[in-house]
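The chains referred to below are lettered A, B, ... by the order of the sequence lines, with proteins before strands, and numbering in each begins at 1.
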Amino acid sequence: MDVSYLLDGLNTAQRDAVSAPAGSQLILAGAGSGKTRVLVHRMAWLIQVEQMSPYSIMAVTFTNKAAREMRSRLDELFSATKQPINSRAMWVGTFHGIAHRLLKAHWQDANLPQNFQILDSDDQLRLIKRVYQALNIDDEKWPQKQAQYYINGQKDEGLRPQHIQETADPYVRTMLQIYRAYEADCQRGGMVDFAEILLRAHELWLHKPHILEHYRNRFPFVLVDEFQDTNSVQYAWLRMLAGKESFVTAVGDDDQSIYGWRGAKIENIQRFTQDFSNVQTVRLEQNYRSTGNILKAANGVIVNNNGRLGKKLWTEDVAGELISLYAAYNEQDEARFIVERIQEWVRKGNSNNSCAILYRSNAQSRVLEEALLREGIAYRIYGGQRFYDRIEIKNAIAYMRLISNCHDDAGFERVINTPTRGVGGKTVDDIRLFAREQGCSLWHAAEQMLANRVFSPRAGNAVQSFLNIVVQLTRDSENQALDFIAQQVLEHTGLLVFHQNEKGEKGQARGENLQELITACRAFNPDTNSTEGEIENDEDLSPLQQFLDTAALDAGETQADEFEDAVQLMTLHSAKGLEFPLVFMAGTEEGLFPHKMSGDDPERLEEERRLCYVGITRAMQKLFITYAETRRLYGNETYNNVSRFVKEIPSDCIQEVRLKAAVTRPVSFHRKPNAQILRKGMSDVGEDTGFNLGQRVQHTVFGEGVIVHFEGQGPTARVQINFKQVGSKWLVMQYAKLEAI
DNA sequence: CCAGGACACGTTTTT
DNA sequence: CGTGTCCTGG
């Protein structure tokens with residue numbers, strides 16, 4: 001059989017990885033080294049050459065996006081080469097998606113109700129709030145967010161309350177008490193949070209060896225993407241699945257491990273070769289993305305980390321342009337500089353969406369947005385609220401959850417008074433109390449209380465009308481198409497009108513989103529995944545239930561405007577895996593990046609450095625690094641040094657755009673307490689300067705130029721001028737001796 | 001129910 | 001400083 005198509009166009013290391021004899025592999029894939037391609041070709045190789053059935057291959061990712069990408073690349077490969085294979089035959093999914101599937105198939109063995117519900121972090125926090133009420137715990141003293149963090153952290157480590165050592169420490173005692181009660185509530189209500197899905201899937205195998213055995217036999221090959229991001233439970237789960245017989249292909253990059261703070265264990269990738277037998281290690285170091293200078297900079301930074309598995313990116317590409325470093329006067333100036341560079345870039349015929357502005361923290365985006373807005377440049381911010389996280393969507397989904405299962409307490413609580421129908425907090429409290437006493441669902445409690453005429457007439461009517469709506473919807477939804485159900489929900493609950501009537505642009509946007517939900521329902525295909533060789537299958541799950549599960553496990557991409565030609569703004573974290581011809585890394589200042597919260601801990605500092613490495617390696621052609629010498633943060637001015645990471649970049653691949661010596665600016669400047677304009681940062685006219693924006697001026701030394709910006713007032717007022725000869729400069733009005741032309 | 005004021009908070013985020 | 005949340009008074 002001719003399988004050359006699987007190796008054609010691959011470099012030596014990639015071929016080694018793809019064509020390795022059956023066994024476990026550690027593929028250390030540097031940024032831009034063709035990782036996904038190798039993964040996909042390896043899977044095809046296993047099928048074509050090793051004669052593995054597609055049914056015996058599992059591929060695990062972290063995000064739904066990555067899973068979809070893998071699926072589509074597989075199908076692309078198969079269809080281009082006319083292989084009669086469909087990616088649907090394989091188990092390709094996220095850790096959570098696959099674990100959820102296991103729990104669905106083995107709900108009894110996992111000690112769950114068949115229709116168990118998934119709690120997102122929002123639902124989880126609400127539940128924790130209820131636990132606080134029940135246990136009468138002071139949320140001033142023990143913030144609920146902290147309890148949430150604690151519970152998830154323990155679960156990520158595979159720890160149940162009974163595994164945790166009881167101590168005298170009041171913090172641990174309190175958290176443990178909350179954890180116990182929370183867990184009991186979840187179990188009673190048939191609810192699982194995200195961490196629980198993984199933990200319980202692990203325990204399922206731990207406690208039911210025959211089930212584990214089945215999956216071990218079924219999946220002799222498991223491939224894992226972004227291995228450096230696995231947490232303890234995920235690692236344990238993989239080890240258990242692999243056993244002694246199966247092979248695991250772990251693909252990852254220790255240098256891009258940036259999620260330690262949420263439980264990812266970089267050690268996992270380092271331990272892999274010891275814990276799995278006969279591991280072949282392949283390094284993918286040839287980079288197909290960036291110019292030589294960009295890679296040189298990236299290598300120069302990351303080499304300062306200890307304990308790396310070791311990898312050095314190289315390219316056949318040209319050295320390319322030098323990296324530009326700009327020392328901005330403040331964050332306004334930084335934003336302005338970036339916007340001007342983008343305008344130049346676009347003027348040369350490039351598109352907006354080939355540019356990305358990366359920053360360490362979301363707070364930085366505002367100033368950048370303002371600058372882009374001012375110049376009328378379209379932009380898109382990544383990682384905002386996602387589709388299924390929106391309040392209006394969650395409300396609609398809550399009704400759908402109640403249709404699917406009226407004992408869904410999280411859904412019940414969310415919409416019993418949405419749209420408002422006169423069920424007040426007191427009434428809900430009463431229902432909650434009754435349910436707790438009876439150990440029943442809120443729905444059941446409400447029914448009982450109505451039958452016993454516990455409510456005041458008014459509250460009773462309101463509750464009854466809520467129950468009626470859900471009952472009616474449930475009846476109307478039987479055997480109906482998903483989009484029809486959604487439509488019914490929006491109409492009969494009054495949700496659509498309710499949200500549309502919200503004031504401002506909000507109403508319109510929310511209405512549109514709800515319409516979008518109907519579209520999503522129409523487009524939804526119930527999982528027709530092959531069930532060959534499975535102990536049980538999920539054919540008996542209603543499309544509604546399947547949709548709800550999908551919605552819970554896939555927050556939905558920020559769909560709108562995806563194809564608009566807009567400059568991309570995002571944090572360094574969300575930039576991982578992406579690439580852009582032109583990249584700006586903004587705010588590279590000590591205290592901000594590396595962030596002061598990570599400053600003193602060497603481990604966290606290394607993670608910040610990896611983040612910097614990720615940032616640099618996003619750039620394909622040109623990278624600008626900027627920092628602000630003065631930055632207004634939380635209302636007060638901070639003076640920062642350039643980030644240590646910038647200093648780690650080899651000096652021969654970076655150039656300063658504007659030499660500090662060429663800049664005139666006050667050594668110290670005193671803020672006038674009442675200078676509103678000054679605090680705002682800038683104005684359109686030069687107030688009392690006698691000059692206007694856009695005015696042409698003459699300077700005794702620099703010659704002719706145009707005023708592009710003002711800042712401040714009175715004697716300390718500064719002005720930015722684009723000089724014909726010497727370019728852009730900041731000058732202090734007082735000393736500049738400008739003449740209008 | 002809602003507006004408006006007091007108040008807390010301020011790294012990164014997927015599932 | 002700007003934002004989001006909580007609470008109170010109308």
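- Nearest nucleotide to the A:Arg366 side chain, out of B:dT13, B:dT11, C:dG2: C:dG2.
- The distance between atom CD of A:Glu590 and atom C1' of B:dT11, rounded to the nearest whole Å, is 15 Å.
- Aromatic stacking of A:Phe62 on B:dT14: not satisfied for centres closer than 5.5 Å together with planes under 30 degrees.
- A:His96 and A:Phe62 have their aromatic ring centers separated by at least 6.0 angstrom.
- Residue order along DNA chain B, read from the 5' end via each residue's closest nucleotide, puts A:Val423 first among A:Glu607 and A:Val423.
- Just one residue in the list A:Arg160, A:Lys155, A:Arg200 forms a salt bridge (Lys or Arg N to Asp or Glu O under 4.0 Å) with A:Glu183, and that residue is A:Arg160.
- Residue A:Asp156 contributes atom CG, which lies 15 Å from atom P of B:dT14 at whole-angstrom precision.
- Contact annotation: A:Asn636 side-chain N/O to C:dC1 OP1/OP2 distance is not under 4.0 Å.
- For A:Gly424 and A:Glu608, each mapped to the nucleotide of DNA chain B holding its nearest heavy atom, the one lying further toward the 5' end belongs to A:Gly424.
- A close approach under 4.0 Å does occur between a side-chain nitrogen or oxygen of A:Arg386 and OP1 or OP2 of B:dT14.
- Less than 4.0 Å separates DNA chain B from at least one heavy atom of each of the following residues of residues 115-128 of chain A: A:Ser121.
- Using a cutoff of 4.0 Å between basic side-chain nitrogens and carboxylate oxygens, A:Asp123 and A:Arg401 are scored as salt-bridged.
- Evaluation of A:His595 against the base of B:dT11 yields a stacking contact (centre distance < 5.5 Å, interplanar angle < 30°).
- Atom OH of A:Tyr259 and atom P of B:dT12 are 11 Å apart (whole Å).
- Phosphate contact (OP1/OP2 of B:dT13, side-chain N/O of A:Thr571, threshold under 4.0 Å): present.
- Atoms CE (A:Met597) and C1' (B:dT13) sit 16 Å apart, rounded to a whole Å.
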* Step-by-step ring-ring contact (aromatic ring centres under 6.0 Å, His included) determination, A:Tyr215 to A:His106 -> CA-CA 12 Å; A:Tyr215 287 101; A:His106 306 285; 5.5 Å; yes
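- Within 4.0 Å of A:Ser598, counting heavy atoms only, lies at least one base atom of the nucleic acid.
- The existence of a salt bridge linking A:Lys129 and A:Asp139 is excluded, since no basic side-chain nitrogen approaches an acidic carboxylate oxygen closer than 4.0 Å.
- Aromatic rings from A:Phe116 and A:His100 are positioned such that their centres are separated by under 6.0 Å.
- Note: A:Ile381 CD1 to A:Thr571 OG1 = 10.5 Å, rounded to the nearest 0.5 Å.
- Note: OH (A:Tyr388) to C1' (B:dT13) measures 20 Å, nearest angstrom.
- For A:Asn362 and B:dT12, the shortest distance from a side-chain N or O to OP1 or OP2 is below 4.0 Å.
- In this model, the phosphate group of B:dT11 is approached by a side-chain N or O of A:Tyr634 to a distance below 4.0 Å at OP1 or OP2.
- One atom, OH of A:Tyr359, and another, P of B:dG10, lie 19 Å apart when rounded to the nearest Å.
- In terms of phosphate contacts, A:Asn417 brings a side-chain nitrogen or oxygen within less than 4.0 Å of OP1 or OP2 of B:dC1.
- Across the protein-nucleic acid pair, A:Glu370 atom CD and C:dC1 atom P stand 14 Å apart, rounded to whole Å.
- With hydrogens and angles left out, the side-chain atoms of A:Gln146 and A:Gln144 include no donor and acceptor closer than 3.5 Å.
- Separation of the P atoms belonging to B:dT13 and C:dG2 is 22 Å when rounded to the nearest angstrom.
- Across all strands shown, A:Glu226 has no heavy atoms under 4.0 Å from either base or sugar-phosphate atoms.
- Rounded to a whole Å, the CZ atom of A:Arg609 is 17 Å from the C1' atom of B:dT12.
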